[in-house]
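Notes to accompany the following structure.
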Amino acid sequence: MSTPAKPARSGGASAIGWVLTIGLNVVAPIVTYNTLTEDHGWSEFSALLLSSAWPVLDTAIMVAWRRKIDEFAMVTLVFLVITAVVSLVGAHTARALLIKDSSVTGLFGLLCLGTLFAPRPLMFYFGRKFATDGTPASTAWWNGMWQFEGFRSTMRTMTLVWGVAYVTEALVRIALAYALPTKTMVTFSPVMIYGVLGALGVWTAWFGKRRAAEGARRQAEAEAAAAAATA
């Protein structure tokens with residue numbers, strides 16, 4: 001079975017989707033959280049709780065606009081809920097806050113690994129968010145790719161790598177929180193967070209292109225063999 005061609009991206013729909021995704025799932029929660037905690041004295045839990053309203057709004061907009069649930073917004077909401085719950089647990093010393101921060105990324109890694117037992121892993125939904133423009137045609141194309149074993153294997157491998165990477169990153173940061181001075185760790189922790197995220201992003205792009213090239217090569221070989229057999 002040949003792989004269906006990817007439909008052309010709709011520039012307008014893609015731009016609007018990206019603005020909503022980044023604005024409501026990343027920028028707005030961060031700005032809301034920082035403003036409430038730094039300028040208005042809100043607790044971490046209360047600020048995180050209010051920040052979670054933005055992904056909910058994004059999901060509502062997507063449901064009204066495209067008549068479907070946006071899984072990326074749902075994952076963001078789950079991540080914020082996990083962060084809020086973790087912020088309530090235990091002491092509130094500087095070291096404890098660093099450990100809690102590490103626990104959040106570790107729980108995200110476990111979430112990735114847990115979805116390997118679901119019908120479709122987490123990276124399938126992340127991939128659909130970033131590899132398509134969200135239009136019905138591109139969404140249907142992405143969903144249809146699931147019928148191919150190579151595609152399913154790629155999504156599961158990506159999810160496994162992200163899960164293992166974030167669980168490992170969390171364990172390393174928790175160990176460093178005890179081994180290094182708090183002042184040093186406060187500086188190093190965000191560097192490690194974004195460093196791991198950047199490395200995973202680069203690897204994911206490379207691995208996706210590699211698997212796509214391998215799939216195209218196998219398809220070309222199969223088509224050539226079929227043509228030779230009927231000649």
Side-chain angles (χ1 to χ4, degrees), residues 1-11 13-14 17-18 20-22 25-26 55 58-59 62 66 68-79 82 105-172 193-226:
M1 183 183 297
S2 60
T3 303
K6 180 179 180 180
R9 294 175 70 93
S10 169
S14 181
W18 273 102
L20 287 173
T21 296
I22 301 301
N25 289 283
V26 180
D58 183 36
T59 299
M62 289 300 172
R66 291 173 176 163
K68 69 182 183 68
I69 296 294
D70 184 79
E71 292 83 5
F72 183 84
M74 293 301 296
V75 170
T76 302
L77 179 59
V78 169
F79 191 74
I82 290 173
T105 55
L107 288 171
F108 176 74
L110 292 176
L111 175 64
C112 288
L113 297 177
T115 62
L116 291 173
F117 300 97
R120 297 182 183 184
L122 187 60
M123 285 302 120
F124 171 83
Y125 300 106
F126 272 44
R128 189 171 67 186
K129 183 69 178 180
F130 294 107
T132 73
D133 56 15
T135 57
S138 62
T139 299
W141 166 78
W142 184 264
N143 292 341
M145 291 294 291
W146 187 254
Q147 65 186 301
F148 299 101
E149 190 281 330
F151 181 82
R152 296 195 298 269
S153 174
T154 297
M155 294 298 104
R156 290 190 177 111
T157 300
M158 286 180 175
T159 303
L160 175 63
V161 170
W162 277 69
V164 171
Y166 268 114
V167 169
T168 303
E169 180 262 4
L171 293 175
V172 170
I193 292 173
Y194 291 111
V196 170
L197 178 60
L200 284 171
V202 171
W203 175 83
T204 299
W206 169 82
F207 185 70
K209 290 179 180 179
R210 176 187 172 187
R211 282 296 182 91
E214 290 175 352
R217 176 179 55 79
R218 287 194 297 268
Q219 181 177 330
E221 291 174 350
E223 291 174 351

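What you see is a predicted model, and the numbers here were worked out from it, not measured in a lab.
- Put simply, CZ on R211 and CE on M158 are 8.5 Å apart, with the number rounded to the nearest 0.5 Å.
- In this structure, the separation between OG1 on T139 and CG on N143 is 6.5 Å, given to the nearest 0.5 Å.
- Separation of atoms OG1 (T159) and CZ (F126) is listed at 9.5 Å; rounding is to 0.5 Å.
- In this structure a side-chain-to-backbone donor-acceptor pair under 3.5 Å is present from T157 to S153.
- The aromatic rings of F124 and W142 are tilted relative to each other, their planes meeting at an angle between 30° and 60°.
- The heavy-atom pair separating R152 from Q147 by the smallest distance is NH1-O, 2.9 Å.
- Contact record, V164 with L113: N-CD2, 4.0 Å, taken as the closest heavy-atom pair.
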Review point. Does the pair W162 and T204 meet the rule for a side chain to side chain contact (heavy atoms under 4.5 Å, CB included), with working shown?
Key: CA-CA 9 Å; W162 277 69; T204 299; 2.8 Å; yes
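- Nearest heavy atom pair, residue G163 against residue C112, reads CA-CB, 3.7 Å.
- Distance CZ/R156 to CG/L160: 11.5 Å, rounded to 0.5 Å.
- To the nearest 0.5 Å, atoms CG (L110) and OG1 (T105) are separated by 10.0 Å.
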Point to revise | Criterion side chain to side chain contact (heavy atoms under 4.5 Å, CB included) on L111 and Y166, from CA distance to verdict | key: CA-CA 10 Å; L111 175 64; Y166 268 114; over 6 Å; no
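- F108 contributes atom CZ, which lies 11.0 Å from atom CD of E169 (distance to the nearest 0.5 angstrom).
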